[in-house]
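Notes follow the structure.
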Amino acid sequence: MRYIRYAFLAVIALCLVAIAAANRDVISLSLFPQVVEDLVGWNASIQLPLFIVVFGGIVAGLLIGFVWEWLREAKHRAEASRQKRAARELSREVEKLKGEKHQGKDEVLALLDNA
């Protein structure tokens, strides 16, 4: 199974290298449309190879998706934490009640009652 995973990762790496090699042309990314840049008098643009723009968009989309999902699942994690805390408290209470029930009894008989 490990070799299949390595082969899959190698194929993905080869595809990414091929995409990068095919899209080396430099493009200009502008923050604002030309009309707004002329009005404000501020040119916010950068020159980058196309493959960096494509890979950057993929990475940004993945990060946004991960954060969105983490925020969406926060209520489920909080509920699981509350349930875990309640289970621990109930377990402690059961142990306390078992100790009170068998207080003053012979230890062997208390062990037999627990079984």
Side-chain angles (χ1 to χ4, degrees):
M1 194 65 179
R2 181 175 23 171
Y3 295 118
I4 293 172
R5 181 176 54 180
Y6 289 150
F8 181 71
L9 291 175
V11 169
I12 289 176
L14 283 174
C15 289
L16 291 176
V17 168
I19 289 171
N23 295 295
R24 293 185 317 242
D25 295 338
V26 176
I27 61 169
S28 176
L29 290 178
S30 297
L31 184 62
F32 301 113
Q34 187 64 39
V35 176
V36 175
E37 287 180 355
D38 291 341
L39 182 66
V40 175
W42 184 49
N43 185 7
S45 65
I46 188 170
Q47 304 287 328
L48 292 172
L50 181 59
F51 72 91
I52 290 178
V53 175
V54 171
F55 293 156
I58 291 171
V59 168
L62 283 171
L63 288 175
I64 290 170
F66 289 148
V67 169
W68 186 281
E69 191 66 19
W70 182 77
L71 291 173
R72 190 182 69 82
E73 292 174 350
K75 60 184 173 189
H76 300 293
R77 287 191 308 274
E79 180 63 28
S81 177
R82 280 192 293 274
Q83 295 291 333
K84 193 176 191 179
R85 192 176 319 114
R88 267 195 316 261
E89 289 174 8
L90 290 173
S91 176
R92 274 188 252 135
E93 186 175 343
V94 166
E95 290 300 318
K96 178 184 161 193
L97 290 174
K98 280 183 182 180
E100 289 175 1
K101 177 183 173 188
H102 299 298
Q103 192 172 17
K105 284 188 177 178
D106 187 28
E107 290 180 13
V108 175
L109 292 176
L111 286 174
L112 290 175
D113 282 343
N114 283 339

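Because only heavy atoms are used, hydrogens play no part in the values below, and waters and symmetry mates are left out as well, while side chains stay in.
Here CZ of R82 is found 4.5 Å from CD of E79. Values are rounded to the nearest 0.5 Å. Here the CG atom belonging to L71 is positioned 9.5 Å from the CD atom belonging to E69, to the nearest 0.5 angstrom. Between atom CG of residue N23 and atom CZ of residue F55 there is a gap of 8.0 Å, rounded to the nearest 0.5 Å.
I19 and F8 fall within the same hydrophobic cluster, defined by Ile, Leu, Val, Met, Phe, Trp and Tyr side-chain heavy atoms under 4.5 Å apart, directly or through other members. Cluster annotation: L29 is connected to F51 through the hydrophobic network of ILVMFWY side chains, with a link wherever side-chain heavy atoms come within less than 4.5 Å. Under the 4.5 Å side-chain heavy-atom criterion for grouping Ile, Leu, Val, Met, Phe, Trp and Tyr, I58 is connected to L48 within one hydrophobic cluster. Side-chain heavy atoms closer than 4.5 Å link hydrophobic residues (I, L, V, M, F, W, Y) into clusters, and following such links, even through other members, never connects L63 to V53. Under the 4.5 Å side-chain heavy-atom criterion for Ile, Leu, Val, Met, Phe, Trp and Tyr, V59 and L50 are members of distinct hydrophobic clusters.
Electrostatic pairing of R92 and E95 does not count as a salt bridge here, judged by no charged N lying under 4.0 Å from a carboxylate O.
The heavy-atom pair separating V26 from Q47 by the smallest distance is CG1-OE1, 3.7 Å.
More than 12 non-hydrogen atoms from other residues, nucleotides or ligands lie less than 6.0 angstrom from CZ of R77.
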